[in-house]
Number of protein chains: 2
Amino acid sequence: MSHFPFQRLQGELTSLISSMPADSQLPSEPALAKKLGVSRATLREAMRSFETQGLIRRKQGVGTFVIGEVPVIDSGLEVLESIETLANRIGLSVSTGSINIEILPADEEIAGELLISIGMMITRVSRVIFTDDRPVAYLVDTLPETILSRNDFQTGFNGSVLDLLLNRGLPRLTSSRTEINAVNASSAVAHFLDIQRGDVLLHFRANLIDSAGKVIDHSLSYFLPGYFNFHVNRRVG
Amino acid sequence: MSHFPFQRLQGELTSLISSMPADSQLPSEPALAKKLGVSRATLREAMRSFETQGLIRRKQGVGTFVIGEVPVIDSGLEVLESIETLANRIGLSVSTGSINIEILPADEEIAGELLISIGMMITRVSRVIFTDDRPVAYLVDTLPETILSRNDFQTGFNGSVLDLLLNRGLPRLTSSRTEINAVNASSAVAHFLDIQRGDVLLHFRANLIDSAGKVIDHSLSYFLPGYFNFHVNRRVG
DNA sequence: CAGTGGTCTAGACCACACG
DNA sequence: GTGTGGTCTAGACCACTGA
């Protein structure tokens, strides 16, 4: 037996979880901690990585459950397309929730991104993507109200600002510069994704450019690892 | 004052850290916890995100220090190049440490990646990238020993397997399929990067392909967020 | 209501760096 | 040695869910 509780714990939890059928419930945290001979804090720390891998799911007030196989959303990064378009193309069912549309004045940060003046009105659309009733991504689009205003959302808005702009045809979008990072979930994002503050997320930060080189849309995306497989083909210099 | 210790703490720590000069030392954790009226556990949790942003640096047995401005390694993902080549191109100084070269038989997993038989000998090169004496990336390359054996490392090996193969000219490398994810640091990787187990890392998992479509090299890369800015230009479908 | 996970506390012991 | 961060414990209270 190892002298390091954490490594031993990970092994025991791996056995336990893999031996349980999908959707079954784990013992409560106090019970499990006692059974495994560690404190609840240590147990919870060891469980974190299992949740980021999508192997278990914790629900406050309910319990912790084993997740069966997860549909992975696989996508190349060369082409920009909405999650909806992507999921549809690979035959996966996703839904959108918590859509929120606000019109507000630009602060310094967003004015800098969109290359507009501070105080100009902007439209901000945020939403959560679900697959199998599990929130897996949180997306925020911000763009000048002159490009997208409230009454542009009238007909058949599926949640994706990109799809809306593409369907409208104007402005003529050409490309997106996307920065990729790994971050800890803030309290706000954690709430939308039903995870704990501090959990690991894959983060995209992108500016959408039109044919005149103008910044049309600034978008922030947060993805749960384990549910997405983004890849890129890199050519050798 | 907020009723939520964590949010209040983040604010107070932001003020404190930004008010201190670069390289200065923060009070010890017990002292800071007492001063801010929280337990050490809560304080440490709040400090995690500051460390992943590269704003502070903890050194066991020494203390916690404020980091000045950090040189960010900025790179597009369209072209595959070694960290050394990249840093050189943008005029940044990086160094390599903890280089380890092993020859061992392929297990099932790596055999599957390289499309070889289990038990065939493989060469594995792992190393750590430093900038400003700070470990910022941990890289592992694995390839068949028939392609790269121990005596290929004789002359001017700078740590990069990619550069070695490119300089040699054979096999003719063409592209790399790179999968991008966010992960929690395992104990092993955390040790090399001088961070805590569970900290957030940006992770690349790539297969390097030659002109015949053969898998030449399987590589795993772990990057500290805050020190890298990877981006990709995505064209609109 | 009872039971769950989410957060926080106070304290302990360890491994490590440095004089 | 002293002092630091790294880990773990035992217990408490909270917010939430569902019967």
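Below, chains carry the letters A, B, ... as their sequence lines are ordered, and counting in each starts from 1.
Crowding of B:Glu102 atom CD: a count of heavy atoms from other residues, nucleotides or ligands under 6.0 Å exceeding 12. Other residues, nucleotides and ligands contribute more than 12 heavy atoms inside 6.0 Å of the CD atom of A:Gln53.
Summary of the strand contacts: B:Ala41 and B:Gln25 both lie near DNA chain D, and taking for each the nucleotide with the nearest heavy atom, the more 5' one is attributed to B:Gln25.
Proximity of A:Phe157 to A:Asp163: side-chain heavy atoms (C-beta onward) are nowhere separated by under 4.5 Å. Annotation: side chain of A:Asp217 is not in contact with side chain of A:Thr142 (no heavy-atom distance under 4.5 Å).
Side-chain atoms of B:Glu84 do not come within 3.5 Å of backbone N or O of B:Ser95 as any donor-acceptor pair. Side-chain atoms of A:Glu51 come within 3.5 Å of backbone atoms of A:Arg58 as a donor-acceptor pair (strictly under, hydrogens ignored).
Between the CG atom of B:Leu32 and the C1' atom of D:dG3 there is a distance of 15 Å, rounded to whole Å. Residue A:Gln10 contributes atom CD, which lies 12 Å from atom P of D:dT7 at whole-angstrom precision. Protein atom CE of B:Met47 is 8 Å distant from nucleotide atom P of D:dG5, rounded to whole Å. One interatomic measurement links the two molecules: CG of B:Leu36 to P of C:dA10, which rounds to 13 Å at whole-angstrom precision. Atom pair A:Arg44:CZ and C:dT4:C1' shows a separation of 11 Å (rounding to whole Å applied). Atom CD of A:Glu45 and atom P of D:dT9 are 12 Å apart (whole Å). Following rounding to the nearest Å, B:Leu43 (CG) and D:dG5 (P) show an atom-to-atom distance of 9 Å. Atom-to-atom, CZ of B:Phe65 to P of D:dG5 comes out at 8 Å; the value is rounded to the nearest Å.
The side chain of A:Ser39 approaches D:dA10 more closely than any other nucleotide in the set D:dA10, D:dG5, C:dT9. Of the listed nucleotides (D:dT9, C:dG5, C:dC8), C:dG5 has the atom at the smallest distance from the side chain of A:Ser28.
Within residues 193-201 of chain A, the residues that place at least one heavy atom under 4.0 Å from DNA chain C are, in residue-number order, A:Gln196, A:Arg197.
By the side-chain contact (heavy atoms from CB on, under 4.5 Å) test, A:Val72 pairs with A:Asn229, sequence neighbours left out.
Here B:Arg58 reaches the OP1 or OP2 of D:dG6: one of its side-chain N or O atoms lies under 4.0 Å away. Within the 4.0 Å cut-off from OP1 or OP2 of D:dG5, at least one side-chain nitrogen or oxygen of B:Thr64 is found.
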Nucleotides 13-19 of chain C: which of its N/O atoms have a protein N/O under 3.5 Å away?
residue : atom : partner : partner atom : Å
C:dA15  : N3   : B:Gln60 : NE2          : 3.1

Which is it for B:Ile110 and B:Arg124 under the side chain to side chain contact (heavy atoms under 4.5 Å, CB included) test, yes or no, and what are the steps along the way? CA-CA 11 Å; B:Ile110 188 64; B:Arg124 174 163 291 161; 4.2 Å; yes

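Between B:Tyr222 and B:His203, the angle of the ring planes stays under 30°, which puts this pair in the parallel group of the 30/60° scheme.
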